[in-house]
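All values derive from a computational prediction rather than experimental measurement. Because only heavy atoms are used, hydrogens play no part in the values below, and waters and symmetry mates are left out as well, while side chains stay in. Chain naming here is simple, since letters A, B, ... match the order of the sequence lines and numbering starts at 1 in each.
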Amino acid sequence: MHSGVKIPNTYGAELLTWYDRHHRELPWRVSPSAAKAGKFANPYHIWLSEVMLQQTTVQAVKPYFAKFLALWPRVEDLAAAPADDVMAAWAGLGYYARARNLKKCAEAVARDHGGIFPDTEAGLKALPGIGDYTAAAVAAIAFNRQAAVMDGNVERVISRLFAIDGPLPGSKPLMKQKVAELTPADRPGDFAQAMMDLGATICTPKRPACALCPFNSRCLAFANDEPERFPVKAPKKAKPVRVGAAFVAVTPDGEILLRRRIETGLLGGMTEVPTTAWTARFDGGTTPEHAPFPGNWEACGQIVHVFTHFELRLSVYRLQHEKIETEGGGWWEPVTNLEAQALPTVMKKAIVQAIPLAF
DNA sequence: AAGCCGGGGAA
DNA sequence: TTCCCAGGCTT
């Protein structure tokens, strides 16, 4: 020991062997066999998929990825697209700041980089919506850079391999260092994807399939028979409840009143039906007297929607009314055209509560 | 360092 | 129900 001789890192080679046999076909992925035949990953595809995959499951991303590529085949197309179209296409996927930054990033690549993505971690991270993870992932997968890629899956794998007791997120730097030590110079992109596949399919949060894991003989958590103890996380807070009211005004021609939310904050830049403020306590703010204009608003019941940091209970009201100019701005949209709007899920729920056949 | 920011599928 | 997902930005 302590001879100064570097211990050979065989993790990378072992995992790549496993990956070559078990890798999953994904729309943005180049299979190892195709790569061997000379096919390269498309940086635009890799970037687009990685942004969509932030805190989002593969299954949820697939249809959105296909839709975006059909609408905007190249990064220049996305850069030239109307922002409203991008927001409408993203509607339902969540974390809408991602869509705003996606557009800004495409514009920056088209304008400042001639439509070519930077091929280094630092260059990528300087772009909007690209942080530590995405910069490393795109650098490794699209440009074959030896970058340390660490997402939630990799955190789980690493914390179990080395039985890291320190709770997240404080232990993240140590875990990142471990990933950097394990990442091979050969096929770093496949190594990164293999680590994430391992976390998604074998080293799962609950009941991991350790018997099938290529690392089981050198995993400290498995050796101690306590894989589910890792990763250690700080306790999370309870979700408060907020209440409010949503108002669905319908004309005889079948148009409803919509508004655009402010650009920043919750559901920023997305479309909504008029609502009251969402308050922590019931203070009478859920009654029809807070509607965008007076009328005999009919109560349609309540919907519940859970956001990241609070639960929202909206009382929904409906009113048949002639088309009028409203003070708060907004526009009247045919119910038959709602699918083309940038309506987040909570707003679709509210509209369906008032008009069950709206979608 | 901590808070803000969606939505849905799996267990 | 609870968990958490190929996280980033702001304060």
Note: contacts of residues 78-108 of chain A with DNA chain C (heavy atom, under 4.0 Å) are A/Asn101

Taken to the nearest whole Å, CG/A/Leu53 to P/B/dG9 is 15 Å

Hits for ring pair (Phe, Tyr, Trp, His ring centres under 6.0 Å) against A/Trp18, two or more places apart or cross-chain, chain-then-number order -> A/His22

So, with a heavy-atom separation below 4.0 Å from DNA chain C, the residues of residues 170-202 of chain A are A/Met196, A/Asp197

(message) Within the 3.5 Å criterion, strictly below it, is a donor on A/Thr56 or A/Arg98 matched to an acceptor on the partner's side chain?
(response) yes

Query raised in the report: Any Lys/Arg nitrogen of A/Glu311 or A/Arg242 sitting under 4.0 Å from an Asp/Glu carboxylate oxygen of the other?
Result: no

note: A/Lys62, atom NZ; B/dG8, atom P; distance rounded to Å ~ 18 Å

Show me the side-chain donor-acceptor pairs of residues 180-188 of chain A shorter than 3.5 Å, one per line, residues at least two apart or across chains.
from	atom 1	to	atom 2	distance (Å)
A/Glu181	OE2	A/Gln177	NE2	3.1
A/Thr183	OG1	A/Val179	O	2.7
A/Arg187	NE	A/Asp190	OD2	3.0
A/Arg187	NH1	A/Asp20	OD2	3.2
A/Arg187	NH2	A/Asp20	OD1	2.7
A/Arg187	NH2	A/Asp190	OD2	2.9

Practice prompt. In plain terms, say whether A/Lys323 and A/Glu255 are close enough for a salt bridge, that is, a side-chain N and a carboxylate O under 4.0 Å apart.
Written response: yes

Exercise. More than 12 heavy atoms of other residues, nucleotides or ligands under 6.0 Å from NZ of A/Lys39: is that the case?
Worked result: no

- Phosphate oxygens OP1/OP2 of B/dC5: is one of them under 4.0 Å from a side-chain N or O of A/His309? yes

Per the under-4.0 Å heavy-atom filter, residues of residues 262-269 of chain A near DNA chain B come out as A/Gly265, A/Leu266, A/Leu267

Outermost contacting nts on DNA chain C, any atom under 4.0 Å from chain A heavy atoms, listed 5' then 3', are C/dC4 to C/dC9

When A/Lys206 and A/Val306 are each assigned the nearest nucleotide of DNA chain B, the 5'-most assignment goes to A/Val306

Do A/Arg160's NZ or CZ and the ring of A/Phe230 fall within the cation-pi criteria of under 6.0 Å and 45°? no

For A/Phe222, the ring pair (Phe, Tyr, Trp, His ring centres under 6.0 Å) test, sequence neighbours excluded, returns none

Apart from A/Phe40 itself, members of its ILVMFWY cluster (side-chain separation under 4.5 Å) are none

Sorted by number, residues from residues 137-161 of chain A placing a heavy atom under 4.0 Å from DNA chain C are A/Asp151, A/Gly152, A/Asn153, A/Arg156

Distance-only check: which donor-acceptor pairs under 3.5 Å involve side-chain atoms of residues 124-143 of chain A, not counting sequence neighbours?
from	atom 1	to	atom 2	distance (Å)
A/Lys125	NZ	A/Asp132	OD1	2.5
A/Tyr133	OH	A/Glu50	OE1	2.6
A/Thr134	OG1	A/Gln54	NE2	3.0

* **Ionic contact status for A/Arg218 with A/Glu14, cut-off 4.0 Å** => yes

Among B/dG6, B/dA10, B/dG7, the one nearest any side-chain atom of A/Thr56 is B/dG6

A/Arg261 to A/Trp278 six-membered ring, cation-pi geometry met (6.0 Å, 45°): yes

5'-most contact on DNA chain C (nearest-nucleotide basis), A/Thr308 vs A/Lys233, goes to A/Lys233

What residues 118-136 of chain A contributes to the DNA chain C interface at heavy-atom separation below 4.0 Å is A/Pro128, A/Gly129, A/Ile130, A/Gly131, A/Asp132, A/Tyr133, A/Thr134

A/Lys237 atom NZ is separated from B/dA2 atom P, nearest whole Å, by 9 Å

Atom CD of A/Glu311 and atom P of B/dC5 are separated, to the nearest Å, by 16 Å

Taken to the nearest whole Å, CD/A/Gln59 to C1'/B/dG7 is 13 Å

From CD of A/Gln54 across to C1' of B/dC5 the rounded distance in Å is 12 Å

Between the side chains of A/His309 and A/Lys239, is a donor N or O closer than 3.5 angstrom to an acceptor N or O?
-> no

Rounded to whole Å, the NE2-P distance (A/His305 to B/dC5) equals 13 Å

Check whether A/Phe247 forms a cation-pi arrangement with A/Arg318 (NZ or CZ under 6.0 Å from the six-membered ring centre, at most 45° off the ring normal).
no

Whole-Å distance, A/Phe307 CZ to B/dG3 C1', equals 17 Å

Linked, directly or transitively: A/Tyr317 and A/Ile351 (ILVMFWY side chains, under 4.5 Å)
no

_Ring centre gap for A/Phe65 and A/Trp28 strictly below 6.0 Å_ = yes

Quick one: does NZ or CZ of A/Lys178 land under 6.0 Å from the six-membered ring centre of A/Phe162, within 45 degrees of the ring axis?
yes

Salt bridge (charged side-chain N to carboxylate O under 4.0 Å, His left out) filter on A/Lys103, not counting sequence neighbours, yields A/Glu107

